[in-house]
Visitor: 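Got a structure for you, questions after.
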Amino acid sequence: MPLTRRSLLTGAALAAGAAALAKPVQAGAPVAKMQGPGAYRYKLGSYQITALYDGTWFVPIDDKFVHNASGGEVNQALTAAFLPPRVLPVSFTALLVNTGAKLILIDTGTAGQLTDTAGVMLDNLKVAGVTPDDVDQIVISHFHPDHIDGIKTKDGAKVFANAEIWVPEPEWKFWMDDGNMSRYAGNAVVHKYFLNARRIFADIAKDVHRFTPGAEVAPGIVSIPAYGHTPGHTAFSVHSANKSLLAMSDTAREPWLFVRHPQWQPSYDMDGPLAAQRRVHMLDVAAADRMLVEAYHFPFPACGHIVRRGGGYDLEPAMWAPL
Ligand SMILES: [Zn+2]
């Protein structure tokens, strides 16, 4: 019999039927309600990188989600990736860099404040053998809630008691400005981001270090201006012993849509044309230089390589591998 989907299903049904006839059903193992831990380590020169999964938010999207592509085109791209249409799976992965002398966390997860299906970054940090008190430095890419909410608990307590917090200066300038906040009073979603930035930063403002993108923010971690997604959105390159990793932050996001179609401008990019320009440029450099890349919203463990394919690019995910 040729191998078809139908023959496979029929075969499985026959096998199940035969098994049921052969012996009474035994009490089986309970079906687990939780996924296994999401902490994945890899080596970068003498540094150790740990990808820390925080969860996935399944966001319903409408036909206006991408300004310069139709709902049909977007749904076709999702379907081509074997994903359901009209739902965007937004995966969150924070990055822990162990330099040997310092533990640096780039972005901090959702702290369970956005959706029930995300907020496990701290559990995975524990699996990685690190307590929040061990973290020396937090570096933030931009002020969207999924990147900064992990700095505090819902009750406003600092989660990483001993960590210095470093943020991009242009991001601070934009989101902490009351004039900008009132200009966005009519945009409920973005207005909430302004309030949330104040919730996280207002009472710790004097302790927050602000860096100019382009600067080295920690040993071997250089910030890269990647404005467009937000006014001060920042990517990073991590270097150790001749090896490097490009941490793209939200420059490319969900690969099935915005790596394959880098010109598409999603509604969450505040300056769509500028973000698309930065995205194409960064993907082009990553592909040409065969760079190891990582991005906050790539599927876990959120690292791999970028290749040119079709009219756009594609992500070749890294393989789960022993150390
Ligand atoms: Zn994000």
Visitor: Does the side chain of Ser141 come within less than 4.5 Å of Tyr296's, by heavy atoms?
Guide: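 SC-SC contact between Tyr296 and Ser141 ruled out.
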Visitor: Please determine whether side chain to side chain donor-acceptor pair (under 3.5 Å) holds for the pair Glu171 and Thr230, giving the CA-CA distance in whole Å, both sets of side-chain angles, and the decisive distance to 0.1 Å.
Guide: CA-CA 8 Å; Glu171 200 62 2; Thr230 61; 2.9 Å; yes
Visitor: Any chance you could measure Asn98, atom CG, to Ile104, atom CD1, to the nearest 0.5 Å?
Guide: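 With rounding to 0.5 Å, CG (Asn98) is 8.5 Å from CD1 (Ile104).
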Visitor: Should Arg198 and Met181 be marked as a side chain to side chain contact (heavy atoms under 4.5 Å, CB included) after you check the CA-CA gap, both sets of side-chain angles, and the distance that decides it?
Guide: CA-CA 11 Å; Arg198 281 158 180 69; Met181 184 160 79; 3.8 Å; yes
Visitor: List the steps, then state whether side chain to side chain contact (heavy atoms under 4.5 Å, CB included) holds for Phe300 with Thr56.
Guide: CA-CA 10 Å; Phe300 189 77; Thr56 303; over 6 Å; no
Visitor: With clusters built from Ile, Leu, Val, Met, Phe, Trp and Tyr whose side-chain heavy atoms come within less than 4.5 Å, directly or transitively, what are the remaining members of the cluster of Val127, listed by chain and number?
Guide: none
Visitor: Would you find a donor on one side and an acceptor on the other, under 3.5 Å apart, between the side chain of Asn75 and the backbone of Arg86?
Guide: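 Present.
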Visitor: Side-chain heavy atoms under 4.5 angstrom apart, residues restricted to Ile, Leu, Val, Met, Phe, Trp, Tyr: same cluster for Trp172 and Ile140?
Guide: yes
Visitor: Hey, could you give me the CG/NE2 distance between Leu245 and His239, rounded to the nearest 0.5 Å?
Guide: 9.5 Å
Visitor: Can you pull out every ring-ring contact (aromatic ring centres under 6.0 Å, His included) where at least one residue sits in residues 92-130? Sequence neighbours excluded, please.
Guide: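 Of all non-adjacent pairs touching residues 92-130, those that pass ring-ring contact (aromatic ring centres under 6.0 Å, His included) are Phe92-His297.
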Visitor: A side-chain contact here means heavy atoms from C-beta on lying under 4.5 Å apart; do His305 and Leu292 qualify?
Guide: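 SC-SC contact between His305 and Leu292 confirmed.
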Visitor: With sequence neighbours excluded, tell me which residues meet side-chain hydrogen bond (donor to acceptor under 3.5 Å, both in side chains) with Gln137.
Guide: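 Applying side-chain hydrogen bond (donor to acceptor under 3.5 Å, both in side chains) to Gln137 gives Lys102.
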Visitor: Keeping to residues at least two apart or across chains, list the salt bridge (Lys or Arg N to Asp or Glu O under 4.0 Å) pairs with something in residues 211-235.
Guide: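 Found none.
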Visitor: Parallel, tilted or perpendicular, judged at 30° and 60°: which one describes the rings of Tyr184 and Phe194?
Guide: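 Tilted, since the angle between the ring planes falls between 30° and 60°.
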Visitor: Could you check Trp175 against Phe201 for ring-ring contact (aromatic ring centres under 6.0 Å, His included), going step by step and ending with a plain yes or no?
Guide: CA-CA 10 Å; Trp175 294 104; Phe201 294 121; over 10 Å; no
Visitor: Answer yes or no: is there a side-chain heavy-atom contact under 4.5 Å between Thr251 and His229?
Guide: no
Visitor: Quick check: do Tyr313 and Val307 have side-chain heavy atoms less than 4.5 Å from each other?
Guide: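 They are not in contact (no side-chain heavy atoms under 4.5 Å apart), so the answer is no.
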Visitor: Cluster question for you: counting only ILVMFWY and a side-chain heavy-atom cut-off of under 4.5 Å, with indirect links fine, are Met282 and Val222 together?
Guide: no
Visitor: Flag yes if Phe174 and Leu195 sit in one hydrophobic cluster, no otherwise; membership is Ile, Leu, Val, Met, Phe, Trp, Tyr, and two members link when side-chain heavy atoms are under 4.5 Å apart.
Guide: yes
Visitor: When you check the gap from the basic side-chain N to the acidic O, do Asp271 and Arg278 get nearer than 4.0 Å?
Guide: no
Visitor: Is there a side-chain contact between Leu122 and Pro132 (heavy atoms, below 4.5 Å)?
Guide: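 Side chain of Leu122 against side chain of Pro132, heavy atoms only: contact under 4.5 Å found.
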Visitor: Residues sharing Met319's hydrophobic cluster, by side-chain heavy-atom contacts under 4.5 Å among ILVMFWY, directly or via others?
Guide: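 Once heavy-atom contacts under 4.5 Å are chained together, Met319 still belongs with nothing else.
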Visitor: Tell me, which pairs form a salt bridge (Lys or Arg N to Asp or Glu O under 4.0 Å) where one or both residues lie in residues 59-79, sequence neighbours left out?
Guide: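 Output for this query is empty, none listed.
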Visitor: Test Thr110 against Asp149 for side chain to side chain donor-acceptor pair (under 3.5 Å), laying out the working first.
Guide: CA-CA 5 Å; Thr110 65; Asp149 276 3; over 6 Å; no
Visitor: Taking the side chain as every heavy atom from C-beta outward, state whether Pro37 and Tyr53 have any atom pair closer than 4.5 Å.
Guide: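 Result no, sub-4.5 Å side-chain heavy-atom pair not found.
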Visitor: Are there over 12 heavy-atom neighbours, none belonging to Asp116, within less than 6.0 Å of that residue's CG?
Guide: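 No.
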Visitor: Measure the OH-CD1 distance between Tyr40 and Ile49 for me, rounded to the nearest 0.5 Å.
Guide: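 One finds 12.0 Å between OH of Tyr40 and CD1 of Ile49.
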Visitor: Show your reasoning for whether side chain to side chain contact (heavy atoms under 4.5 Å, CB included) applies to Leu103 and Leu96.
Guide: CA-CA 7 Å; Leu103 279 173; Leu96 183 72; 4.1 Å; yes
Visitor: Suppose the criterion is salt bridge (Lys or Arg N to Asp or Glu O under 4.0 Å): which pairs have a residue in residues 31-53, not counting sequence neighbours?
Guide: none
Visitor: Assess whether a salt bridge exists between Arg253 and Asp250, defined as any Lys/Arg side-chain N lying under 4.0 Å from an Asp/Glu carboxylate O.
Guide: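 Asp250 and Arg253: salt-bridged.
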Visitor: Please find out if less than 6.0 Å separates the ring center of His144 from that of His233.
Guide: no
Visitor: Between side-chain atoms of residues 159-169 and protein atoms elsewhere (two or more places apart, or another chain), which donor-acceptor pairs fall under 3.5 Å?
Guide:
residue	atom	partner	partner atom	Å
Asn162	ND2	Asp133	O	2.9
Glu164	OE1	Trp166	NE1	2.9

Visitor: Roughly how far, to the nearest 0.5 Å, is CD of Gln277 from NE2 of His281?
Guide: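 These two atoms lie 9.5 Å from each other.
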Visitor: Determine whether Met248 and Ile221 fall in the same hydrophobic cluster, where Ile, Leu, Val, Met, Phe, Trp and Tyr are linked whenever their side-chain heavy atoms lie under 4.5 Å apart.
Guide: no
Visitor: Would you say that more than 12 heavy atoms from the other residues, nucleotides or ligands in this model lie under 6.0 Å from the NE2 of His209, or not?
Guide: yes
Visitor: So how far is it from Arg199 CZ to Tyr193 OH, rounded to the nearest 0.5 Å?
Guide: 13.5 Å
Visitor: Can you pull the salt bridge (Lys or Arg N to Asp or Glu O under 4.0 Å) pairs that have at least one residue in residues 284-300, sequence neighbours excluded?
Guide: Asp284-Arg308
Visitor: Measuring only between side-chain heavy atoms, which start at C-beta, is Val139 closer than 4.5 Å to Phe211?
Guide: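 Yes, at least one pair of side-chain atoms sits under 4.5 Å.
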Visitor: For Leu323, which fellow cluster members are found when Ile, Leu, Val, Met, Phe, Trp and Tyr are connected by side-chain heavy-atom distances below 4.5 angstrom, either directly or through intermediates?
Guide: none
Visitor: Find out whether Ser240 and Ser46 are in side-chain contact, i.e. whether some heavy atom of one side chain is under 4.5 Å from a heavy atom of the other.
Guide: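 In contact.
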Visitor: Output side-chain donor-acceptor pairs under 3.5 Å for residues 254-267, partner residues at least two apart or in another chain, one line each.
Guide:
residue	atom	partner	partner atom	Å
Glu254	OE1	Tyr268	OH	2.5
Arg260	NE	Asp314	OD1	3.1
Arg260	NE	Asp314	OD2	3.4

Visitor: Would you compute the distance between atom CG of Asp134 and atom CG of Leu105 and round it to the nearest 0.5 angstrom?
Guide: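 Output value for this atom pair is 12.0 Å.
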Visitor: In the hydrophobic clustering (ILVMFWY, side-chain contacts below 4.5 Å, transitive), which residues join Leu274, or is it alone?
Guide: Tyr227
